[in-house]
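Following: one structure in structure tokens, then a few remarks.
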There are 2 protein chains.
Amino acid sequence: MLAPERQARILKQLQVHEAVRVADIAAALNVSEMTIRRDIESLDANGLARKIHGGATRLARLSALEPGFLLNVDKELDAKLAIAREALELVRPGMTLALTGGTTTYQLAVHLAAALEGLGHLTVVTNSLKVAELLYHQQGRADCKVIVTGGERTPSEALVGPVARAALHTLNTDICFMGVHGLDADRGLTTPNLLESETNAAFIESTRRLVVLADSSKFHVRSLATIAPLSAVDTIITDDGAAPATRELFASRVPTFTAVAVPADTTKNQTRKSS
Amino acid sequence: MLAPERQARILKQLQVHEAVRVADIAAALNVSEMTIRRDIESLDANGLARKIHGGATRLARLSALEPGFLLNVDKELDAKLAIAREALELVRPGMTLALTGGTTTYQLAVHLAAALEGLGHLTVVTNSLKVAELLYHQQGRADCKVIVTGGERTPSEALVGPVARAALHTLNTDICFMGVHGLDADRGLTTPNLLESETNAAFIESTRRLVVLADSSKFHVRSLATIAPLSAVDTIITDDGAAPATRELFASRVPTFTAVAVPADTTKNQTRKSS
DNA sequence: GTGCCTGGCGTTCGGGTGCCAGCATGTTAG
DNA sequence: CTAACATGCTGGCACCCGAACGCCAGGCAC
């Protein structure tokens, strides 16, 4: 057991558990506690973990991270799950996908990562650092190339701006999954962030087929900036929570409109934390 | 048993095991340990494996966490720390910095993040997702804009390729801090990754001043691809571990050459004012 | 409060292992 | 023959690991 190997094991443990104990690791790896302490010390010095009394703990990561992000994920989680599942049906082996930033597309990415093995080679273009991270960790296990657009970061963890736009101008994708903040019959797809609207417009220009993922709370919402008119949309995937009139209105405006059923209570896997 | 054959065997072993020992391989192949060490050294220079104390470890794999990146950080840690500290001296408020991928620049980013408050407004351009993550988490606390170049990911967590290059063509930076894999008097700055060399070359074109950060183990190392000749370098910052002849050689080739003292014993990173 | 115990930490020292520079040898090519 | 390259060997050095000891803090009894 070599030193870097041990340290890798410690970090791996820390991805699962919030903290680890020196004694536990020492026993598990069959080395002295002193050695583990030195390993932790080294990890700490490198800014990869934090040394605490009795063991080590990870730095920020999933817990402290995402102030607005995780909170938002929970909202309408079941709907987003169902939508993501439906969207996944559109993916075929060999395709080049685009995924914009946002929590809905992130859900899709999670599902995509889980299903990668059955999908052969895929290329994914994204301006979301979180999606890039997620898919990158699947690498080795599956055949998936990830391309990041670059740009500046918005509070919602997406990369935007001239750099992102320029990158998208040189890329062509088969299908683009886009999460939006609002979907209005007159004002089209909207988002509160000007730069994001511009970037998302570039996504639309670069794709053959635009799929908008929007839970039912997004209908009739107008945010600051319009990304594109409804006529640019090829497919809308939503849940069944919208009023029938609303559903019909939007269904009549786009070539394909899918409203997936969301199990009412859904005592799903791990949800249920907040009541 | 020829050299390429041995090295192939080592790589094969690494696909199965997280790490291998010099002694084991030497025994298995019935050659001297010295030969295996040289093989591993070569594999490392070509970016196919990573040399560690006692053997070799693979770069990326299913291990879920950053592979060669974190494991390697330990090596030359004190030197990298001292180098980072020195590099930080070159940063002035209002500057636009570029940081390439690599462990040395990551160390710089860690220091930079800690010192952000005193530096006023900064703009940082990077092709390293880890650096982007790190600096982004400082946001709010300090005035620092982070721009990611975009591109595809290499095993060493850097973004490279046409997208990165195109982004860099549109950006201009005051100073670029670059970590390299090798620094050779004849072959200049080198790296095992072809795409990375191309991207780093783009970094050089886009900056006013190029600062190469290289601990003393990097001198006289030739990796696969040349990024740029030594004449492109404005400043080299290294530690004091190189032979005097080496130091003089490189010092005579670049306008500014700084060898920072690395306290010999000081296993402690924290200051230690008591004497 | 004092005294004792316990658990974790850090230092220090010693043994062992691995690393490297330098030289010697063998092989191949010109 | 010389040159270049690959391999093996050796002695000195550096590093890693483990164990022992002392330090410090908290808990508990008195």
Side-chain angles (χ1 to χ4, degrees), chain A residues 1-10 19-46 49-57, chain B residues 1-10 13 18-46 49-57 71-81 182 186 215-222 239-247 262-275:
Chain A
M1 175 74 61
L2 274 43
E5 207 176 340
R6 281 194 313 269
Q7 299 176 9
R9 290 279 282 271
I10 296 175
V20 294
R21 300 185 66 84
V22 169
D24 295 346
I25 303 180
L29 302 187
N30 202 24
V31 294
S32 81
E33 298 190 357
M34 201 52 238
T35 300
I36 299 301
R37 282 200 198 91
R38 281 189 274 244
D39 285 336
I40 293 176
E41 188 178 5
S42 141
L43 290 174
D44 187 316
N46 283 298
R50 183 157 302 138
K51 190 172 190 299
I52 57 172
H53 197 84
T57 184
Chain B
M1 173 78 57
L2 272 45
E5 199 179 346
R6 283 195 312 270
Q7 299 180 8
R9 290 278 282 272
I10 296 175
Q13 277 295 309
E18 185 76 28
V20 294
R21 294 177 156 279
V22 169
D24 294 346
I25 302 181
L29 302 187
N30 201 25
V31 294
S32 80
E33 297 190 357
M34 202 52 236
T35 300
I36 298 300
R37 284 200 194 92
R38 282 191 270 246
D39 285 336
I40 292 177
E41 192 175 1
S42 151
L43 289 174
D44 187 315
N46 288 312
R50 192 130 261 155
K51 189 174 189 298
I52 59 175
H53 191 94
T57 186
L71 306 189
N72 194 29
V73 175
D74 236 0
K75 208 166 76 177
E76 309 282 356
L77 176 62
D78 288 331
K80 281 178 174 150
L81 267 166
D186 296 329
D215 63 72
S216 51
S217 72
K218 302 290 168 54
F219 291 114
H220 300 307
V221 171
R222 291 182 186 184
D239 60 79
D240 58 357
T246 299
R247 223 186 293 177
V262 178
D265 55 316
T266 70
T267 53
K268 34 228 100 247
N269 34 357
Q270 317 304 9
T271 55
R272 148 91 96 140
K273 320 222 162 153
S274 74
S275 62

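A note on names: the letters A, B, ... follow the listed sequences, proteins ahead of strands, and every chain is numbered from 1.
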Completion exercise
In terms of heavy-atom contacts, B:Arg222 and B:Asp186 come closest through NH2-OD2, 3.6 Å
Problem - Residues that A:Arg37 engages under side chain to side chain donor-acceptor pair (under 3.5 Å), provided they are two or more places apart - result: A:Glu33
Exercise for the section: Give a yes or no on this: more than 12 heavy atoms of other residues, nucleotides or ligands lie within 6.0 Å of atom CZ of B:Arg247. Expected result: yes
Practice task
Please round to the nearest 0.5 Å and tell me the distance separating atom CD1 of A:Ile36 and atom CD of A:Gln7.
Solution key: 9.0 Å
Problem - Between C1' of D:dA6 and CD of B:Gln7, the distance in whole Å - result: 12 Å
Problem - Separation of B:Lys218 NZ from B:Asp239 CG (nearest 0.5 Å) - result: 9.5 Å
Problem - Angle between terminal axes - the helix from C:dG1-D:dC30 to C:dG30-D:dC1, 5 pairs each end, rounded to 10° - result: 20°
Exercise for the section: Quick one: closest heavy-atom pair of A:Leu2 and B:Ala19, and the distance? Expected result: CD2-CB, 4.4 Å
Problem - Length of the line joining B:Glu41:CD and C:dG18:P, which is rounded to integer Å - result: 17 Å
Problem - Distance (rounded to the nearest 0.5 Å) between A:Glu5 CD and B:Ile52 CD1 - result: 7.0 Å
Handout entry: Set of residues satisfying side chain to side chain donor-acceptor pair (under 3.5 Å) with respect to B:Arg6, sequence neighbours excluded
Key = B:Asp39
Practice task
Quick one: list whatever passes side chain to side chain donor-acceptor pair (under 3.5 Å) with A:Thr57, sequence neighbours left out.
Solution key: none
Exercise for the section: Starting from P on C:dT17, measure out to CZ on B:Arg21 and report it in whole angstrom. Expected result: 10 Å
Handout entry: Under 4.0 Å protein heavy-atom contact, by nucleotide of nucleotides 7-14 of chain D - B base, S sugar-phosphate only
Key = BBB-----
Exercise for the section: Under 4.0 Å between any heavy atoms, over every strand shown, what does B:Ile40 touch: base, sugar-phosphate, or nothing? Just pick one. Expected result: nothing
Fill in the blank from the handout: Here the pair of heavy atoms bringing B:Ser216 nearest to B:Ala242 is CB-N, 3.4 Å
Handout entry: Short side-chain N/O contact to C:dG8 OP1/OP2 from A:Lys51, under 4.0 Å
Key = no
Fill in the blank from the handout: Protein-proximity profile, nucleotides 25-30 of chain C, B/S/- by nucleotide at the 4.0 Å heavy-atom cutoff, equals ------
Handout entry: Contact nearer the 5' end of DNA chain C, comparing A:Gly55 with B:Ala23
Key = A:Gly55
Exercise for the section: Would you mind reading off the distance between A:Leu29 atom CG and D:dC17 atom P, rounded to a whole angstrom? Expected result: 12 Å
Practice task
Kindly give the heavy-atom pair with the smallest separation between B:Val20 and B:Ile25, and that separation in Å.
Solution key: CG2-CD1, 3.6 Å
Problem - Euclidean distance, atom CG of residue A:Asp44 to atom P of C:dC9 [Å, nearest integer] - result: 13 Å
